[in-house]
Number of protein chains: 2
Amino acid sequence: MRIAEVSEKYDISPDTLRYYEKVGLIPAVNRTGSGIRDYNEMDLKRIEFIKCMRNAGLPIEALTEYISLVLQGDQTIDARKEILKVQRELLVTRMNEMQKTLQILDTKISVYEGTLLKKEKEMVQKDKAF
Amino acid sequence: MRIAEVSEKYDISPDTLRYYEKVGLIPAVNRTGSGIRDYNEMDLKRIEFIKCMRNAGLPIEALTEYISLVLQGDQTIDARKEILKVQRELLVTRMNEMQKTLQILDTKISVYEGTLLKKEKEMVQKDKAF
DNA sequence: TTTTGACTTAAAGCCAACTTCAAGTATTAT
DNA sequence: ATAATACTTGAAGTTGGCTTTAAGTCAAAA
């Protein structure tokens, strides 16, 4: 599969796909005789994985480190596990912060929609900044 | 309260606090006779609100727009509500993506820890990119 | 066969969100 | 009184993550 097709399938620009390969987010993709990238099934799975991780905000650096360990073989399993655990904890922390923010947004929207009880409104007003 | 104290209380650098004021994330803070910022209760609540929103990834631009509407008075309530609703939806979308990623990370960690049943392991291996 | 469009590279540019710097004034501790 | 510390401003610099540009090669359609 050529880069344009992959780009469309995953909604990632060709430039970004080449960039991911250059910085080591995706191992080198096979080329045709004339030097054009020819993505195989494994490459596509890797792109999907990276897209998912990047969407969730995992930094490129942590991912490149993880992938370089994967390519080095089984003696790196402990180090890989550690990276994933650290990133998992960071992710959970961010999700909790977002949950808190979501509640605040929902309360504010309720205030603007006038769908709160009088008592609730008063409580909210006391703590209001904006 | 002076900027250094506020900075410590909320773990936001003085530079960032001044920057937030400059770009309109926080309305102008009162100054002492000699021109030094003197944060009051309302300012602190506003900083807390902004910190929470920024932590959750809401863009500065959306927040400055919202705040400028707040300062313009009650005829902007509908527009404010709309901004909050849009940002709420974006937040929920991001949280869902993070939830998906969290599950993938947990599965991978389980694989590395060998805490999966044989059947589960096989299923996971089939879909493995890294 | 020629032109159109996709591909290649390395390097420079861009954007959001700070962060640091330079140059100066004010306040606090000794 | 003087030195150290905290404050001020505007502007330049940094970081992460792409994105665009320049200059060129290659291949499929008209």
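In this text the structure is predicted, and so the values were computed from the model without any measurement. We name chains A, B, ... by the order of the sequence lines, and we start the count at 1 in each one.
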Spacing of [X] atom [atom1] relative to [N] atom [atom2], expressed in whole Å:
| X | N | atom1 | atom2 | answer |
| --- | --- | --- | --- | --- |
| A/Arg31 | D/dT25 | CZ | C1' | 13 Å |
| B/Asp38 | C/dT27 | CG | C1' | 15 Å |
| A/Tyr10 | D/dC18 | OH | C1' | 20 Å |
| A/Leu63 | D/dG16 | CG | P | 14 Å |
| B/Ile3 | C/dT27 | CD1 | C1' | 16 Å |
| A/Arg18 | C/dT9 | CZ | C1' | 9 Å |
| A/Glu65 | D/dG16 | CD | P | 14 Å |
| B/Glu21 | D/dC7 | CD | P | 13 Å |

Taking only nitrogen or oxygen atoms into account, show me every contact under 3.5 Å that the protein makes with nucleotides 19-22 of chain C, one pair per line with its distance.
{"residue": "C/dT19", "atom": "OP2", "partner": "B/Thr16", "partner atom": "OG1", "Å": "3.3"}

Base, sugar-phosphate, or nothing for A/Arg37, non-hydrogen atoms under 4.0 angstrom? sugar-phosphate
Set of side chain to side chain donor-acceptor pair (under 3.5 Å) partners for [X], sequence neighbours left out:
| X | answer |
| --- | --- |
| A/Gln72 | A/Ser68 |
| A/Lys100 | none |
| B/Asp106 | A/Arg88 |
| B/Gln87 | none |

Got a sec, which hydrophobics cluster with A/Leu90, joining ILVMFWY side chains under 4.5 Å apart, including via others?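 Answer for A/Leu90: A/Val86.
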Do the side-chain N or O atoms of B/Tyr20 get closer than 4.0 angstrom to the phosphate oxygens (OP1, OP2) of C/dA17? no
Please tabulate, one pair per line, all N/O donor-acceptor pairs under 3.5 Å involving side-chain atoms of residues 2-9 of chain A, not counting sequence neighbours.
{"residue": "A/Ser7", "atom": "OG", "partner": "A/Ile12", "partner atom": "O", "Å": "2.7"}

Indicate the ring-plane relationship of B/Tyr66 and B/Phe49, choosing parallel, tilted or perpendicular according to the 30° and 60° boundaries. tilted
Can you list every salt bridge (Lys or Arg N to Asp or Glu O under 4.0 Å) pair that touches residues 34-60 of chain A, not counting sequence neighbours?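 Output for this query lists A/Glu21-A/Arg37.
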Close approaches to DNA chain C from residues 51-62 of chain B, in residue order (heavy atom, under 4.0 Å):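 The stretch gives B/Arg54, B/Pro59, B/Ile60 as the residues lying under 4.0 Å from the strand, ordered by number.
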Contact list (N/O, under 3.5 angstrom) for nucleotides 27-30 of chain D vs protein:
{"residue": "D/dA27", "atom": "OP1", "partner": "A/Ser34", "partner atom": "OG", "Å": "2.8"}

Just checking, is any N or O donor in the side chain of A/Ser13 or A/Thr16 under 3.5 Å from an acceptor N or O on the other one? yes
Who passes ring pair (Phe, Tyr, Trp, His ring centres under 6.0 Å) against B/Tyr20, sequence neighbours left out? none
side-chain contact (heavy atoms from CB on, under 4.5 Å) filter on A/Gln99, not counting sequence neighbours, yields A/Leu102, A/Gln103, B/Met95
